[in-house]
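Residue numbering restarts at 1 for every chain, and letters A, B, ... go by the order of the sequence lines.
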Number of protein chains: 2
Amino acid sequence: MPLTDGSFKHKKVISIGTVSELTGLTERQIRYYESRKLIFPERSKTGLRKFSFQDIETLIEIANRLEDGVWTNEIRKELKGREQFIAEAKLSNHLINGKINAQLKL
Amino acid sequence: MPLTDGSFKHKKVISIGTVSELTGLTERQIRYYESRKLIFPERSKTGLRKFSFQDIETLIEIANRLEDGVWTNEIRKELKGREQFIAEAKLSNHLINGKINAQLKL
DNA sequence: CGTGTAAGGAATTCTGACACG
DNA sequence: CGTGTAAGGAATTCTGACACG
């Protein structure tokens, strides 16, 4: 039942310069957030960082939280919390779908 | 009624090296197809090509057609035909939705 | 026609460090 | 803590051309 493609959103293909333009953040900031384990870009064979659209969305959230005076340590927890929530929601959704299908067969 | 995001699919953010990896085509081939007006990457301020996921899908189609022995001239027409079809389908879809909504109000 | 390649230059990205605080 | 910057090097990309055909 997935409606959106999503494969595009999570594919790591965007280089740091483009991410910088899209987010308004400096490359320095982006690299720093990676070192703080807030984002996890992939690397090309030669070591160049590759980001996804999802990473860009996360970076914008990070920038907003930092403006609120929140530390990267705290932001990391928040992001993990969100991830956990999504994972649970997906599982729950999956289970419910199973029950619905079971009922439909009766 | 758009279900898929789509904004990601059409955003021009991928550099030619990554496109080459994703499609299996050489940079030479990709640049040539652009010169033949089969794809239309954007350019960064300094002139670097930027492609979208849609461009990548088109490139794969192009490669398939070329393998079939079709010339770029012909492929260009095919692609235009497809575009035209999609545009018409969207319009038609829009009109039908309008009629349905009109009926629902009766 | 479609593609390979060598050529020279320009733009991008990387890391580690010094700085401020 | 989070960010700016100068430094030197490595990897990427660009264009125009010669080549084959």
Subject >> Nearest-nucleotide 5' precedence on DNA chain C, B:Gln29 against A:Leu48 >> reply: B:Gln29
Original post:
Which heavy atom in A:Phe51 sits nearest to a heavy atom in A:Ser15, and how many Å separate them?
Top reply: CD1-C, 4.3 Å
Subject >> Between P of C:dT12 and CZ of A:Arg31, the distance in whole Å >> reply: 13 Å
**OP:** Going by the side chain to side chain contact (heavy atoms under 4.5 Å, CB included) test, name the single residue among B:Leu59, B:Leu79, B:Val19 that passes it with B:Ile39.
**Re:** B:Leu59
Original post:
With a non-hydrogen cut-off below 4.0 angstrom, is A:Arg49 in contact with a base, only sugar-phosphate, or nothing?
Top reply: sugar-phosphate
**OP:** Let me know the distance between CZ of B:Phe51 and C1' of D:dT12, rounded to the nearest Å.
**Re:** 13 Å
**OP:** Figure out the CD1/P separation between B:Ile16 and C:dT12, and round it to whole Å.
**Re:** 15 Å
Original post:
Looking only at side-chain N and O atoms, does B:Thr72 come under 4.0 Å of OP1 or OP2 in C:dG2?
Top reply: yes
Original post:
For D:dT12, which nucleotide in any strand shown is its Watson-Crick or wobble partner with both distances under 3.5 Å?
Top reply: C:dA10
Subject >> Separation of A:Arg43 CZ from A:Arg49 CZ (nearest 0.5 Å) >> reply: 4.0 Å
**OP:** Whole angstrom is fine here: how far is it from CD in B:Glu34 over to P in C:dG2?
**Re:** 15 Å
Original post:
Are B:Asp55 and B:Ser52 linked by a side-chain donor-acceptor pair shorter than 3.5 Å?
Top reply: yes
**OP:** Specify the separation, in whole Å, of atom NZ of B:Lys45 and atom C1' of C:dT12.
**Re:** 14 Å
**OP:** Could you tell me whether the phosphate oxygens of C:dT3, OP1 or OP2, come under 4.0 Å of any side-chain nitrogen or oxygen in B:Tyr33?
**Re:** yes
Original post:
Within this structure, what is the CD-to-P distance between A:Glu27 and D:dG4, rounded to whole angstrom?
Top reply: 11 Å
Subject >> Residue mapping more 5' on DNA chain D - nearest nucleotide basis, A:Ser44 or A:Asn73 >> reply: A:Asn73
Original post:
Which base, if any, makes a Watson-Crick or G-U wobble pair with C:dG2, both distances under 3.5 Å?
Top reply: D:dC20
**OP:** Before accepting this row, confirm whether a basic side-chain N of the pair A:Arg82/A:Glu57 lies closer than 4.0 Å to the acidic partner's carboxylate O.
**Re:** no
Original post:
Is A:Thr26 touching bases, backbone alone, or none of the nucleic acid, heavy atoms closer than 4.0 Å?
Top reply: sugar-phosphate
Original post:
Within the structure, does a side-chain N or O atom of B:Thr46 lie under 4.0 Å from either OP1 or OP2 of D:dC14?
Top reply: no
Original post:
How long is the line joining CD1 of B:Ile39 and P of C:dG2, in whole Å?
Top reply: 14 Å
Subject >> Residue-phosphate contact under 4.0 Å: A:Tyr32 side-chain N/O, D:dT3 OP1/OP2 >> reply: no
Original post:
Is the base of C:dT5 touched by the side chain of B:Arg28 through a donor-acceptor pair closer than 3.5 angstrom?
Top reply: yes
**OP:** Using whole Å, report how far CZ of A:Arg36 lies from P of D:dT3.
**Re:** 11 Å
Original post:
If you check the B:Arg43 side chain, which of C:dT13, D:dT3, D:dT15 turns out closest?
Top reply: D:dT15
